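Notes follow the structure.
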Amino acid sequence: MSSPLDPALAERLKRTPDGLVCAVAQQRGTGEVLMVAWMDDEALHRTLTTRRATYYSRSRQQLWAKGETSGHTQYVHEVRLDCDGDTLLLTVDQVGAACHTGDRTCFDATVLLAAE
């Protein structure tokens, strides 16, 4: 799929063999990590141009705008690329639950090592 993603940005991305880049969504203001998802070039382009978080579903093999069916949207304030070019950080305002389970974040359910 060709994307109108800026070629200079596209060149900096280090993608998985299936063309995806990891994307971490973080709540603006609190720094709370909400979820981790995947983006292809088109998802990133749509996110950058609309400020609405759009991801690529590996299980469905298609793009999805966060909240298009649930109403639990993410308004994107900032997108950063890490130093290796293989992870994106989205600073968002989350409306409703971020996790498909209905939890506020995808990291609410299982604590492997609790804070002291």
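Computation of the quantities below employed the complete heavy-atom set of this structure, encompassing side-chain atoms and omitting hydrogens, waters and symmetry-equivalent molecules. No experiment lies behind these values; they were computed from the predicted model shown.
Across A97 and K66, no two heavy atoms sit closer than the pair O-NZ, 4.3 Å. For the pair P4 and H45, the tightest heavy-atom approach, listed with the atom from each and the gap, is CG-NE2, 3.2 Å. Looking at every heavy atom in both residues, Y75 comes nearest to R51 through OH-CD, 3.2 Å. The nearest pair of heavy atoms linking A98 to C106 is O-SG, 4.4 Å. Here the shortest heavy-atom pairing between T54 and M39 reads O-CE, 3.2 Å. Closest approach of W64 and Y56 over heavy atoms only: NE1-C, 3.8 Å.
V21 and V36 are not part of a single hydrophobic cluster, where members link through side-chain heavy atoms under 4.5 Å apart. In the hydrophobic clustering of this structure, L5 groups with V79; members are Ile, Leu, Val, Met, Phe, Trp, Tyr whose side-chain heavy atoms approach within less than 4.5 Å, directly or through other members. Residue L48 is grouped with residue V76 when hydrophobic side chains (ILVMFWY) are merged at heavy-atom distances under 4.5 angstrom, including chains of intermediate members. At a threshold of 4.5 Å between side-chain heavy atoms, the hydrophobic network of Ile, Leu, Val, Met, Phe, Trp and Tyr places L89 and V33 in one connected group. Taking hydrophobic clusters as Ile, Leu, Val, Met, Phe, Trp and Tyr residues chained together by side-chain heavy-atom distances below 4.5 Å, L63 shares a cluster with W38.
Between the side chain of Q26 and the backbone N or O of T91, no donor-acceptor pair lies under 3.5 Å. Formation of a donor-acceptor pair under 3.5 Å by the D82 side chain with backbone atoms of D86 is found in this model. With hydrogens and angles ignored, the 3.5 Å screen pairs a side-chain donor or acceptor of D40 with a backbone N or O of A43.
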Test side-chain hydrogen bond (donor to acceptor under 3.5 Å, both in side chains) applied to Q27 and R104, step by step: CA-CA 11 Å; Q27 177 62 50; R104 167 84 184 143; 2.9 Å; yes

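Side-chain atoms of L13 and L81, non-hydrogen and from C-beta on, do get closer than 4.5 Å to each other.
Tested against Q94, the residues Q74, H72, E32 include a single side-chain hydrogen bond (donor to acceptor under 3.5 Å, both in side chains) partner, Q74.
No more than 12 heavy-atom neighbours from other residues, nucleotides or ligands sit within 6.0 angstrom of CZ on R12. Heavy-atom contacts from other residues, nucleotides or ligands closer than 6.0 Å to CD of E11 number 12 or fewer.
Between the CG atom of L44 and the CG atom of L9 there is a distance of 5.5 Å, given to the nearest 0.5 Å. Rounding to the nearest 0.5 Å places CE of M35 at 9.0 Å from CG of L90.
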